[in-house]
Amino acid sequence: MYGIFSDRERTVTNIEKTESTNNDIKTVIYSTNAPVFTVIRARTQTGGRGRLGREFFSPEGGLYFSVSFPLTGKEKNIPFMTLLAGLAVSEAAEELTGVKTQIKWPNDIYLDGKKLGGILCELVCGKLLTAVVGIGINLRILEEDIPPELTDKMTSLAIEKKAIPDEDALIKAITEKLDGYIYENRELFEVREDTVSAIRERSHSIGKKVKYTVGDEVFEGIISDITNTGAAELTLTDGTVKEIFCGEITQ
Ligand code: BTN
């Protein structure tokens, strides 16, 4: 089924400053009838976006890029894409630096209990359905560059005094891993148990006590598992088990 996407050569377009690389890649997708395989990277973003419409602080010193993955539209498990991207980021960073990061369900990369990066997956319905995976990783950001309201929450490889990878090599490794998961392993059709196990093994969420807010309701419980559909399994204090696909989880 992915034979039509066998030519996946991507060039990286480098921009000094932009609003959001996810927005830039969407403009490219809307401008063509052809499958878009490309990467756009910016040194800073003025309107970096995160999940739930939040701002993603994007000063100089971070790596900000978006990658496009044309889809057939017949994929069964698109929500799994965010976790696959988290796994690709965590594995690639470990291979290039030796630093083991964790995946906080559904889309954050954590190091030593603080946010090191985030992933924003968006589906674009252009001439072809295309997934846009936007990734932000705090590489060289220093403590003094972080606004006071974020100092308890975010960190960077420089702050943690860890090795900093070559940025081009990191983009390449993450993109190749995601290509492998999506087009070769076809994990959006059939999730493989070994991939789910790798995500569980890097999970920052399993075993954590959380509050889950949906509409006006707040549930309290423990994240007991990450399922093979990309959902988080929340075991409530009364023993009821809920599968969560999106929404707000706070620890
Ligand atoms: C989150 O923290 O909720 C996700 C953050 C995703 C940030 C990346 S940086 C590159 C791309 N462009 C954006 O505007 N967002 C993503």
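For ligands, and for the atoms within them, numbers begin at 1 and follow the listed sequence. Sequential numbering from 1 along the given sequence is applied to the chain's residues.
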S.K.: Where does ligand 1 get N/O contacts under 3.5 Å from the protein, atom by atom?
M.R.:
{"from": "ligand 1", "atom 1": "2 (O)", "to": "Lys115", "atom 2": "NZ", "distance (Å)": "2.5"}
{"from": "ligand 1", "atom 1": "3 (O)", "to": "Arg51", "atom 2": "N", "distance (Å)": "2.7"}
{"from": "ligand 1", "atom 1": "3 (O)", "to": "Asn107", "atom 2": "ND2", "distance (Å)": "3.0"}
{"from": "ligand 1", "atom 1": "12 (N)", "to": "Thr21", "atom 2": "OG1", "distance (Å)": "3.3"}
{"from": "ligand 1", "atom 1": "12 (N)", "to": "Gln45", "atom 2": "OE1", "distance (Å)": "2.9"}
{"from": "ligand 1", "atom 1": "14 (O)", "to": "Ser20", "atom 2": "OG", "distance (Å)": "2.8"}
{"from": "ligand 1", "atom 1": "14 (O)", "to": "Arg49", "atom 2": "N", "distance (Å)": "2.7"}
{"from": "ligand 1", "atom 1": "15 (N)", "to": "Arg49", "atom 2": "O", "distance (Å)": "2.8"}

S.K.: Check this for me: does any side-chain nitrogen of one of Arg10 and Glu176 sit under 4.0 Å from a carboxylate oxygen of the other?
M.R.: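 No, Arg10 and Glu176 are not salt-bridged.
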S.K.: Can you name the salt bridge (Lys or Arg N to Asp or Glu O under 4.0 Å) partners of Glu122, sequence neighbours left out?
M.R.: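 Glu122 satisfies salt bridge (Lys or Arg N to Asp or Glu O under 4.0 Å) with Lys26, Arg49 once adjacent residues are dropped.
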S.K.: Taking the six-membered ring of Phe219 as reference, does the NZ or CZ atom of Lys242 fall below 6.0 Å from its centre and within a 45° cone about the axis?
M.R.: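 Yes; both conditions hold, so Lys242 lies above the ring face of Phe219.
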S.K.: Would the Tyr2 and Phe189 ring centres measure less than 6.0 Å apart?
M.R.: yes
S.K.: So, applying side chain to side chain contact (heavy atoms under 4.5 Å, CB included) with Ser68, which one of Val133, Val39, Thr130 is it?
M.R.: Thr130
S.K.: Counting neighbours of NZ on Lys172 that are heavy atoms of other residues, nucleotides or ligands and sit closer than 6.0 Å, is the number greater than 12?
M.R.: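 No, the 6.0 Å shell around NZ holds no more than 12 heavy atoms from other groups.
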